[in-house]
Q: 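One structure, pasted below without further comment.
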Amino acid sequence: MRGRDLVGKNVRRIRVAQNVSQERLAFDAGVDRSYLGGLERGEENPTIDLLDRLAFTLTVPIQEFFTAIADDDGALGLPRGRKKGGRVA
């Protein structure tokens with residue numbers, strides 16, 4: 001697994017486990033929500049400074065983003081898209 005894929009999946013895993021929306025994490029960490037979405041999909045190559053801000057915001061050690069995870073179903077069993085009842089523009 002590529003490093004950026006691993007980091008993205010771990011950011012998403014931790015964010016969902018803490019019941020934090022992408023919008024909230026992006027705002028609190030000072031990053032664009034669409035960039036955060038790309039990071040979680042492995043499309044972006046984040047800097048160490050950004051990973052440090054995300055780790056601080058999620059209150060986890062930065063090494064949590066590099067923890068090997070099982071990828072049996074390819075999506076960690078997390079739902080895609082917006083939550084039901086979410087705002088539609």
Q: Where do Glu43 and Arg4 come nearest, in terms of heavy atoms and distance?
A: O-NH1, 3.8 Å
Q: Answer yes or no: are there more than 12 heavy-atom neighbours, outside Tyr35 itself, under 6.0 Å from its atom OH?
A: yes
Q: Got a sec, which residues hit salt bridge (charged side-chain N to carboxylate O under 4.0 Å, His left out) with Arg24, two or more places apart in sequence or on another chain?
A: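 For Arg24 the salt bridge (charged side-chain N to carboxylate O under 4.0 Å, His left out) partners, ignoring immediate neighbours, are Asp28.
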Q: Strictly by salt bridge (charged side-chain N to carboxylate O under 4.0 Å, His left out), give each pair with a member in residues 47-56 just once, sequence neighbours left out.
A: none
Q: Tell me, yes or no, whether the heavy-atom count around Phe27 atom CZ, taken from other residues, nucleotides or ligands under 6.0 Å, exceeds 12.
A: no
Q: Check side chain to side chain donor-acceptor pair (under 3.5 Å) between Glu64 and all other residues, then give those that pass, not counting sequence neighbours.
A: none
Q: Who are the side chain to side chain donor-acceptor pair (under 3.5 Å) partners of Asn45, not counting sequence neighbours?
A: none
Q: With sequence neighbours excluded, tell me which residues meet side chain to side chain donor-acceptor pair (under 3.5 Å) with Glu44.
A: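 With neighbours one apart ignored, the set is empty.
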Q: Please name all residues satisfying side chain to side chain donor-acceptor pair (under 3.5 Å) with Ser34, sequence neighbours left out, ordered by chain then number.
A: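 Side chain to side chain donor-acceptor pair (under 3.5 Å) list for Ser34, sorted by chain: Asp32.
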Q: Under the rule for side-chain contact (heavy atoms from CB on, under 4.5 Å), what residues qualify as partners of Gln18, not counting sequence neighbours?
A: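 Once residues adjacent in sequence are excluded, the partners of Gln18 under the side-chain contact (heavy atoms from CB on, under 4.5 Å) criterion are Ile14, Val20, Leu58, Thr59, Val60.
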Q: Would you say that Lys9 contacts Met1 through its side chain, given a criterion of any heavy-atom pair below 4.5 Å between the two side chains?
A: yes
Q: Between Leu54 and Leu39, is there a side-chain heavy-atom distance shorter than 4.5 Å?
A: yes
